[in-house]
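Shown below is the structure under consideration.
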Amino acid sequence: MNYEISKEPIDIQAVIDKVVQREAGAITTFIGTVRELTKGKRTLFLIYETYEAMAVKKLQQIGSEIEERWEGAKVAITHRVGRLDITDVAVVIAVSTPHRNDAYEANRYAIERIKEIVPIWKKEHWEDGEEWMGNQLETVAYPKGHPEEKDLNE
Amino acid sequence: MNYEISKEPIDIQAVIDKVVQREAGAITTFIGTVRELTKGKRTLFLIYETYEAMAVKKLQQIGSEIEERWEGAKVAITHRVGRLDITDVAVVIAVSTPHRNDAYEANRYAIERIKEIVPIWKKEHWEDGEEWMGNQLETVAYPKGHPEEKDLNE
Amino acid sequence: MNKVLFFAHIRDAVGQESLQLEAAGKTVAQLKAEIAEKYKLEKMETVMTAINEEFAMNEEIIQKDDVVAFIPPVSGG
Amino acid sequence: MNKVLFFAHIRDAVGQESLQLEAAGKTVAQLKAEIAEKYKLEKMETVMTAINEEFAMNEEIIQKDDVVAFIPPVSGG
């Protein structure tokens with residue numbers, strides 16, 4: 001169960017434990033937390049919603065892509081859903097590899113891919129309203145019905 | 001106490017907790033673990049030794065360099081010393097930043113700098129002997145008595 | 001029959017998490033256009049479609065019992 | 001008097017963690033050469049020197065009570 005959607009707070013150490021291996025000298029983690037200010041606007045809390053069955057499949061796909069591309073890599077990802085407050089952990093990505101540069105690169109690849117293909121949506125709640133966030137670049141369309149190139153922007 | 005040398009196993013979550021901030025949307029960690037095989041040779045265990053007072057100062061310096069270079073970054077580093085077995089955690093670097101690319105880059109900078117300027121040494125123990133490891137590039141010399149450029153090799 | 005799933009702002013607009021309807025034989029694009037018209041959904045060109053938990057092209061033909069999901073631009077991470 | 005600290009393979013070669021000796025007025029390079037000769041240390045050109053926990057240049061002159069440390073290539077991380 002290296003790829004999970006969780007309704008409860010994420011145990012970071014438990015995600016890390018899944019990628020420990022005798023052949024690995026490096027583990028990187030990415031921990032996405034809820035930030036208070038985005039472009040000067042104050043977030044009160046977030047709601048994350050998911051299409052869980054598909055989200056788990058897409059997380060697995062990302063893991064497979066990484067293991068194919070970076071030799072010896074092991075991956076675990078847990079994404080939380082439901083209501084999250086400021087500083088709460090939304091996602092934890094752990095990647096272990098024999099060499100450290102790969103651990104950084106593979107981890108970064110994972111977060112970019114999550115933002116592209118994993119069916120999870122966040123609704124921002126502010127003092128004066130709420131809104132489902134698009135892909136952070138609201139103008140991006142996928143005319144062919146699916147994403148074809150990486151959106152590397154935050 | 002964001003920069004520590006520890007004789008006990010490192011509590012990864014405790015290092016992460018030091019960099020949590022309301023302004024940060026991303027935390028990266030680097031966890032260096034003891035790998036069993038290095039260039040085909042089987043390691044039994046390692047001994048890490050340090051010049052502790054100076055090592056803490058140099059870790060602090062690395063943190064300051066990062067906070068100067070990446071706006072809004074917060075850093076914590078703990079390095080373990082003493083005897084470590086395979087898969088034991090030798091170092092944990094946690095970096096939080098408002099934006100995720102910075103968290104990856106600043107973290108990578110930290111590990112490279114540790115391998116350059118922090119007075120910590122490891123002795124590898126194999127079945128047929130033991131040896132203090134140099135800077136992994138045994139031919140590197142510092143003719144001016146201190147390192148002047150980054151050694152980005154592992 | 002086919003189950004059609006909605007998420008995020010589309011779920012809010014439709015007012016339901018899913019619908020049961022007959023879509024077999026239609027293309028993804030046809031079903032999308034019908035749903036968009038019925039519920040007055042905008043920006044449907046940014047919405048992807050999944051069939052049985054895999055992304056599908058607009059030209060793909062929906063089969064009997066397929067589960068179809070409309071996937072607005074994702075914002076996880 | 002000055003305290004001189006040794007680490008890693010230099011500590012093994014010298015057989016002690018530190019020495020007390022009079023080094024005030026000498027340069028880092030002079031002290032390094034003396035220690036290297038006395039303990040038959042090799043590859044000293046790869047060894048850095050710290051004075052009072054900061055890296056020092058070879059030309060720097062050691063002061064009274066300075067703590068000097070020889071820093072072989074580091075291998076933490």
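Computed from a predicted model, the values in this text were never measured in an experiment. Every chain is numbered from 1 and lettered A, B, ... according to where its sequence line falls, protein lines coming before strand lines.
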Contact part of A53(B) toward chain D, heavy-atom cut-off under 4.5 Å: side chain, backbone, both or neither?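 Contact with chain D is through both the backbone and side chain of A53(B).
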Can you see whether K58(B) engages Q61(B) through a side-chain donor-acceptor pair at a distance of less than 3.5 angstrom?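 Indeed, the side chains of K58(B) and Q61(B) share at least one donor-acceptor pair under 3.5 Å.
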For the side chain of N2(B) and the backbone of V75(B), is there at least one donor-acceptor N/O pair under 3.5 Å apart?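 Yes: the side chain of N2(B) pairs with the backbone of V75(B).
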Would the number of heavy atoms belonging to other residues, nucleotides or ligands and lying under 6.0 Å from CD of E37(D) be above 12?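 Check fails, neighbour count at 12 or below.
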When only heavy atoms count and the cut-off is under 4.5 Å, which of residues 41-50 of chain B reach chain D?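 Heavy-atom contacts from residues 41-50 of chain B to chain D are Y48(B), E49(B), T50(B).
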Side-chain donor/acceptor of N107(B) to backbone N/O of T28(B), under 3.5 Å: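 Here the side-chain-to-backbone pair exists.
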Salt bridge E105(B)-R69(B), side-chain N to carboxylate O under 4.0 Å: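 Result for this pair is no, no salt bridge flagged.
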Which atoms of I114(B) approach chain D - backbone, side chain, both or neither, heavy atom under 4.5 Å: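 Contact with chain D: backbone and side chain both.
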Toward chain D: residues of residues 4-13 of chain B with heavy atoms under 4.5 Å: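 Residues of residues 4-13 of chain B touching chain D at under 4.5 Å: none.
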Charged N-O contact under 4.0 Å between E17(D) and R11(D):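 Yes, charged N to carboxylate O under 4.0 Å.
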Segment of D12(D) engaging chain B (4.5 angstrom heavy-atom cut-off):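 Just its side chain gets close to chain B.
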R100(B) bridged to D102(B) by N-O distance under 4.0 Å: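 So R100(B) does not pair with D102(B) through a salt bridge.
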Side-chain donor/acceptor of N2(D) to backbone N/O of A24(D), under 3.5 Å: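 Yes: the side chain of N2(D) pairs with the backbone of A24(D).
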Please check if the side chain of Q30(D) supplies one atom and the backbone of T27(D) the other of a donor-acceptor pair under 3.5 Å.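 Such a contact is found between Q30(D) side chain and T27(D) backbone.
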Would you find a donor on one side and an acceptor on the other, under 3.5 Å apart, between the side chain of H79(B) and the backbone of G77(D)?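 Yes.
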Test item: K18(B) side-chain N/O and M1(B) main-chain N/O as donor-acceptor pair under 3.5 Å: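 Indeed, once roles are kept as given, a pair shorter than 3.5 Å links the two residues.
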Top contributor to chain B interface from A50(D), P72(D), A8(D) [non-hydrogen pairs under 4.5 Å]: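 With the most close heavy-atom pairs to chain B, the winner is A8(D).
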